[in-house]
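In what follows, a structure is listed as structure tokens, so that the remarks can point back to it.
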Amino acid sequence: MPSELENAMESLIKVFHRYASKEGRTGTLNRRELRELMENELSNFLKSQKDPAAVDKIMKDLDTNGDGQVDFEEFVSLVVGLSIACEQCYQMHMKKKSLGPL
Amino acid sequence: MESAIKTVVTTFLSSTRGKENLDGKSFKKLVERQLGGIMEDTNSSSAIKEMQRGLDENSDGKISFQEYLTLIGYVANSLSQSKSGSNADAS
């Protein structure tokens with residue numbers, strides 16, 4: 001039986017390919033696909049998907065080879081970035097907890 | 001997708017046993033328990049040691065969260081490639 005972590009990776013891959021196959025090149029996300037992914041899958045983590053300039057900036061940051069598309073390798077950077085943010089948030093939460101009510 | 005990211009983070013945090021990084025023993029446990037299904041040689045201590053050395057960019061003998069994410073990214077990439085290999089043939 002796959003572990004929790006294996007299931008998590010599997011679902012990240014599935015999510016990417018579900019959006020990447022919508023239009024244009026199938027193995028990559030174009031700007032619209034990236035925005036849709038952020039809107040539908042990351043609505044709690046990110047608030048910037050409503051802002052077109054922010055989507056452009058994220059797209060530019062992720063697109064390291066500059067082809068105007070986000071491939072899976074570039075998408076992994078987004079996952080890593082979100083994980084780091086999520087970890088910091090979680091650590092802060094734990095610290096607060098261990099200090100007890102202030 | 002958000003729950004998948006949470007799992008990636010909590011898997012690391014629950015494996016460090018309160019410390020900031022994974023030491024050799026906890027890294028081995030994590031790989032054995034969580035990645036046995038998608039990686040080869042997870043039952044070989046020497047293979048895990050070698051992988052740990054490969055990931056340990058700052059060579060402190062431990063695996064930090066960043067270094068752990070390198071592994072996750074690497075595994076996810078190769079998993080995705082092996083999956084999309086068949087799709088690419090069809091298109």
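In this text the structure is predicted, and so the values were computed from the model without any measurement. Within every chain, numbering begins at 1; the chains are lettered A, B, ... in the order of the sequence lines, protein sequences first and strands thereafter.
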**Study point:** Candidate pair A/Gln88 and B/Phe65, rule side-chain contact (heavy atoms from CB on, under 4.5 Å), full reasoning
**Key:** CA-CA 11 Å; A/Gln88 282 163 351; B/Phe65 186 63; over 6 Å; no

Exercise for review: Under the side-chain contact (heavy atoms from CB on, under 4.5 Å) rule, what do A/Glu73 and B/Ser80 come out as? Steps first, then yes or no, please.
Suggested key: CA-CA 9 Å; A/Glu73 229 177 302; B/Ser80 163; over 6 Å; no

Check your understanding: Do B/Asn77 and A/Val76 pass the side-chain contact (heavy atoms from CB on, under 4.5 Å) test, and can you show the C-alpha distance, the side-chain angles, and the key distance before you say yes or no?
Key -> CA-CA 8 Å; B/Asn77 262 320; A/Val76 166; 4.3 Å; yes

Point to revise | Stepwise side-chain contact (heavy atoms from CB on, under 4.5 Å) check, B/Ile5 with A/Leu12 | key: CA-CA 8 Å; B/Ile5 293 177; A/Leu12 289 172; 4.3 Å; yes

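Of residues 31-41 of chain B, those residues with a non-hydrogen atom less than 4.5 Å from any non-hydrogen atom of chain A are, in numerical order, B/Arg33, B/Gln34, B/Leu35, B/Gly36, B/Gly37, B/Ile38.
A/Ser11 touches chain B through its side chain: at least one heavy atom from C-beta onward sits under 4.5 Å away, while N, CA, C and O do not. With a threshold of 4.5 angstrom between heavy atoms, B/Tyr74 does not approach chain A through any atom at all. If you measure heavy-atom distances from A/Phe16 to chain B, you find no contacts under 4.5 Å at all. The contact between A/Val80 and chain B is made by backbone and side chain atoms together, counting heavy-atom distances below 4.5 Å. Proximity to chain B involves both the backbone and the side chain of A/Ile84, based on heavy atoms less than 4.5 angstrom apart. Residue B/Thr10 touches chain A through its side chain alone, counting heavy-atom pairs closer than 4.5 Å.
When all heavy atoms of A/Leu5 and B/Leu30 are compared, the closest pair comes out as CD2-CD2, 4.3 Å. The shortest heavy-atom contact between B/Val9 and A/Ser83 is CG2-O, 3.5 Å. Residues A/Met9 and B/Ile72 share a closest heavy-atom pair of SD-O, 3.9 Å.
Taking CE of B/Met1 as the start and CE of A/Met38 as the end, the distance is 10.0 Å to the nearest 0.5 Å. A distance of 8.5 Å separates SG of A/Cys86 from CG of B/Leu13, quoted to the nearest 0.5 Å.
The number of heavy atoms from other shown groups lying within 6.0 Å of NZ (A/Lys22) is above 12. For A/Lys47, the NZ atom sits in a packed shell: over 12 heavy atoms of surrounding residues, nucleotides or ligands are nearer than 6.0 Å. By the neighbour-count criterion of 12 heavy atoms within 6.0 Å, atom CD of A/Glu36 is densely surrounded, having more than that number from other residues, nucleotides or ligands. Within 6.0 Å of CZ in A/Arg32 there are 12 or fewer heavy atoms belonging to other residues, nucleotides or ligands.
In this structure, the side chains of A/Glu6 and B/Val75 stay at 4.5 Å or more apart for every pair of heavy atoms. Counting only heavy atoms from C-beta outward, the side chains of A/Val79 and B/Val8 never approach each other to under 4.5 Å.
Side-chain N or O atoms of B/Glu2 include one that pairs as donor or acceptor with a backbone N or O of A/Ser43 at under 3.5 Å.
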